[in-house]
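Notes for the one structure printed next.
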Amino acid sequence: MEVISSAADMRRWSRAHRAAGRRVAFVPTMGFLHEGHLSLVREARARADVVAVSIYVNPAQFAAHEDFGTYPRDDEGDLAKLRAVGADAAFVPAHLYAQDAPTPSPPPPPR
């Protein structure tokens with residue numbers, strides 16, 4: 001199973017499979033996978049030639065009073081489960097949207 005971390009690489013992966021005439025299925029998740037997620041991946045496998053699953057905890061889905069930082073995560077366990085059910089790719093971006101990326105430090109002042 002391929003683990004893809006950038007949106008550009010995910011687009012390339014998907015486009016390459018579609019250009020080769022394959023049907024691509026995509027199962028979006030926020031990770032911490034359970035049997036419900038895995039049943040969706042199995043169904044996708046039955047309906048498509050290749051299956052990609054995202055694992056992305058989207059900060060925009062949390063209200064100000066909700067704690068994004070304590071949302072349960074188990075990336076290694078999730079990847080193992082996806083391999084076991086035959087996913088072809090896992091899309092695991094650190095930051096999917098510009099507003100989610102850490103703010104870069106300002107450059108040092110000139111001397």
- Indicate if Leu40 and Leu33 have the same hydrophobic cluster label, given that clusters are the connected sets of ILVMFWY residues with side-chain heavy-atom separations under 4.5 angstrom. yes

- Message: Which residues pass the side-chain contact (heavy atoms from CB on, under 4.5 Å) test with Ala63, not counting sequence neighbours?
- Response: His65, Glu66

- Query: Rounded to the nearest 0.5 Å, how far apart are CE of Met10 and CD1 of Ile4?
  - Reply: 4.5 Å

- Does Arg45 come within less than 4.0 Å of Asp88, counting only side-chain N to carboxylate O? yes

- Message: Rounded to the nearest 0.5 Å, what separates atom CZ in Arg18 from atom OG in Ser14?
- Response: 4.0 Å

- Message: Check for me, please, whether Phe91 and Val50 land in the same ILVMFWY cluster - side-chain distances under 4.5 Å, paths through other members count.
- Response: yes

- Query: Measuring from Asn58:CG to Gln61:CD, what's the distance to the nearest 0.5 Å?
  - Reply: 4.5 Å

- Which heavy atom in Tyr71 sits nearest to a heavy atom in Gly31, and how many Å separate them? OH-O, 4.4 Å

- Query: From His34 NE2 over to Asp78 CG, what is the distance, rounded to the nearest 0.5 angstrom?
  - Reply: 10.0 Å

- Message: List the residues meeting side chain to side chain donor-acceptor pair (under 3.5 Å) with Asp9, not counting sequence neighbours, and say none if there are none.
- Response: Ser6, Arg12

- Of all heavy-atom pairs linking Asp49 and Gly21, the shortest is OD2-O, 4.2 Å

- What about Val53 and Tyr56, same hydrophobic cluster or not, with Ile/Leu/Val/Met/Phe/Trp/Tyr joined at side-chain heavy-atom distances under 4.5 Å? no

- Item | Closest non-hydrogen atom pair between Ala52 and Trp13, with its separation | CB-CZ3, 3.8 Å

- Item | Heavy-atom check, side chain of Ser54 versus side chain of Pro28, under 4.5 Å | yes

- Item | Worked check of side chain to side chain contact (heavy atoms under 4.5 Å, CB included) between Met1 and Leu79 | CA-CA 9 Å; Met1 179 180 72; Leu79 294 175; 3.8 Å; yes

- Query: Can you name the nearest heavy-atom pair linking Arg73 to Val57, along with the distance?
  - Reply: NH2-CG1, 3.4 Å

- Query: Below 4.5 Å, heavy atoms only, C-beta onward: do Ile55 and Leu82 meet side chain to side chain?
  - Reply: yes

- Is Phe32 reachable from Val27 through a run of I, L, V, M, F, W or Y residues, each pair having side-chain heavy atoms under 4.5 Å apart? no

- Check the surroundings of atom CZ in Arg23: do more than 12 heavy atoms from other residues, nucleotides or ligands lie under 6.0 Å from it? no

- Could you tell me whether a side-chain N or O of Lys81 sits under 3.5 Å from a main-chain N or O of Leu38, the two making a donor and an acceptor? no

- For Phe68, all residues meeting ring pair (Phe, Tyr, Trp, His ring centres under 6.0 Å), sequence neighbours excluded: Phe62

